[in-house]
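To start, the structure itself, in structure tokens.
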Amino acid sequence: MEQHEGGGGGGGGGAEGGLTKSAAVAACTAMAVFYVAILYSPTLVLRLPPPISFKSYMIRRFVCAAVSSVVSLFACFFILPITRRDASNLFGVYGIRLDHTWQALVFPLSLTSLMYSGSFALKLLSMIQASNEYLNSGGTVSVVCIKTILWKIVDWVVSVTSSISSWRNYFVAPLTEELVFRACMIPLLLCGGFSTYTAIFLCPIFFSLAHLNHLLEVYAQQNFSLVKACLVVGLQLGYTVIFGAYASFLLVRTGHLTAPLVAHIFCNFMGLPVIFSRRSGIVIVAFALGMLSFLWMLFPLTAPQLYNTTTEKCSCWHGYCNWS
């Protein structure tokens, strides 16, 4: 293969590659803990003064997340039994590739959007209702009206791109989390001897552990009610595990880190899928049809041959060459 040629040995090498299951789990656990712990290092370890603003607070977290990602990537470099230590093979281990980029963008995004059919249907109904109210109030569709809508879209784009929270939700968090919890952990688990499906469902557990720090924040938001905080965080962790398994599935199937990354950004942007609405039964029908379409297209749209020049006689870390 052009991106994984030689690949450093196939995934799931286990004892042959010098990496045991316990060592792989220990490494993944350490990475998950480090990803969270380093966020608190500026004040607890470095003894820096508290940030003066929310923006400076978030920038500190961005730097910490970036450091955690780089440390994890280097740790994997030394832990994994990589025999060819050249840059191209190393990037291939992590799924960082430039070839087949448009496929890794379009197909996973199209697949993921099917889960949000209910959300799209509700948004469309809201737009139709708003349009009808506008027209019934005497409004007309004119050039001025169209310009106003376009300017509102431009203002929205500017507000999103200039928001530090948007940078966290749509860039820093997805990129660093995918690097640590997918690009690093999937090869570790596979080379540790875990089966493909075990790695896919084990990886999200580490991903959810990294979100347990939200318990204290939610605990304070819920007027220090532990039961309410546990219910909220439990729901978040459940969603995190489901998405983590899906993102792991995308990386293993495609061998391309762009696939889970674009899905991660899209899901962060959309939030939880809308399942039903009291306003109309169309929403639940749209959601059901969307989920059926998602399940029907799950394997066809993630077929390894869509993302790779050849899948014959290749040796890769992620095992997608042998998974049809």
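Just so it is clear, the values below take in all heavy atoms, side chains as well, and ignore hydrogens, waters and symmetry mates. Nothing here was measured: the structure is a model prediction, and the numbers come from that model.
When every heavy atom of A199 is checked against every heavy atom of P204, the shortest pair comes out as O-CD, 4.4 Å. Across every non-hydrogen atom of P108 and V262, the tightest pair is CB-CG1, 4.2 Å. Closest of all the heavy-atom pairs between E178 and L257 is O-CD1, 3.8 Å. When all heavy atoms of A259 and T254 are compared, the closest pair comes out as CB-OG1, 3.6 Å. When all heavy atoms are compared, the tightest approach of V25 to F194 is CG2-CZ, 3.6 Å. R60 and P49 make their closest contact through NH2-O, 2.6 Å (heavy atoms, listed as atom of the first residue, atom of the second, distance).
Residue L202 holds its CG atom at 10.0 Å from NZ of K21, rounded to the nearest 0.5 Å. Rounding to the nearest 0.5 angstrom, the gap separating the OG1 atom in T258 from the NE2 atom in H100 is 12.0 Å. We find the CG-CG distance between L111 and L295 to be 9.0 Å, quoted to the nearest 0.5 Å.
With hydrogens and angles ignored, the 3.5 Å screen pairs no side-chain donor or acceptor of S163 with any backbone N or O of S159. The closest donor-acceptor contact from the side chain of T240 to the backbone of S208 lies at 3.5 Å or more, if one exists at all. Remark: side-chain polar atoms of S68 are not paired, donor with acceptor, to backbone N or O of A65 under 3.5 angstrom. Looking at H264, its side chain never comes within 3.5 Å of a backbone N or O of Y170 through a donor-acceptor pair.
When the options V252, I186, T198 are evaluated for a side chain to side chain contact (heavy atoms under 4.5 Å, CB included) with C203, the one that passes is I186. Among F206, F34, Y35, F243, the one residue that satisfies the ring pair (Phe, Tyr, Trp, His ring centres under 6.0 Å) test with F181 is Y35.
Between Y239 and L272 the shortest side-chain heavy-atom distance falls below 4.5 Å. Side-chain contact between T101 and H256 is present, with heavy atoms from C-beta onward closer than 4.5 Å. Using a 4.5 Å heavy-atom threshold, the side chains of P50 and Y57 count as separate.
Judged by a 6.0 Å distance limit and a 45° cone about the ring axis, R182 is positioned over the six-membered ring of F207.
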Inset, instruction - Test ring-ring contact (aromatic ring centres under 6.0 Å, His included) on F276 and F287 and set out the steps. - result: CA-CA 8 Å; F276 69 94; F287 173 78; 9.7 Å; no
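Within 6.0 Å of the CD1 atom in I52, the count of heavy atoms belonging to other residues, nucleotides or ligands does not exceed 12. Within 6.0 Å of CG on L98 lie no more than 12 heavy atoms contributed by other residues, nucleotides or ligands. More than 12 heavy atoms of other residues, nucleotides or ligands lie within 6.0 Å of CG in L73, so this atom counts as buried by the packing criterion.
Residue F77 is grouped with residue I96 when hydrophobic side chains (ILVMFWY) are merged at heavy-atom distances under 4.5 angstrom, including chains of intermediate members. Cluster membership for I284 and L124, using ILVMFWY side-chain heavy atoms within less than 4.5 angstrom, is not shared. There is no path of hydrophobic side-chain contacts, each under 4.5 Å, that joins L289 to L125. Linking ILVMFWY side-chain heavy atoms closer than 4.5 Å, directly or via other members, places L298 and I200 in a single hydrophobic cluster. If you chain together hydrophobic residues whose side chains sit under 4.5 Å apart, M58 and W167 fall into the same group.
Of the N and O atoms on the side chains of T112 and Y246, at least one donor lies less than 3.5 Å from an acceptor on the other residue. Under 3.5 Å, the side chains of T302 and Y307 contain no donor-acceptor pair of N or O atoms. In this model, no donor atom of one side chain and acceptor atom of the other lie less than 3.5 Å apart for S69 and S72. In the model, N268 has no side-chain atom that pairs as donor or acceptor with a side-chain atom of R168 under 3.5 Å.
A parallel orientation is assigned to the rings of Y197 and F201, their planes being inclined by less than 30° (bins at 30° and 60°).
Judged as a ring-ring contact (aromatic ring centres under 6.0 Å, His included), and not counting sequence neighbours, F74 has no contacts.
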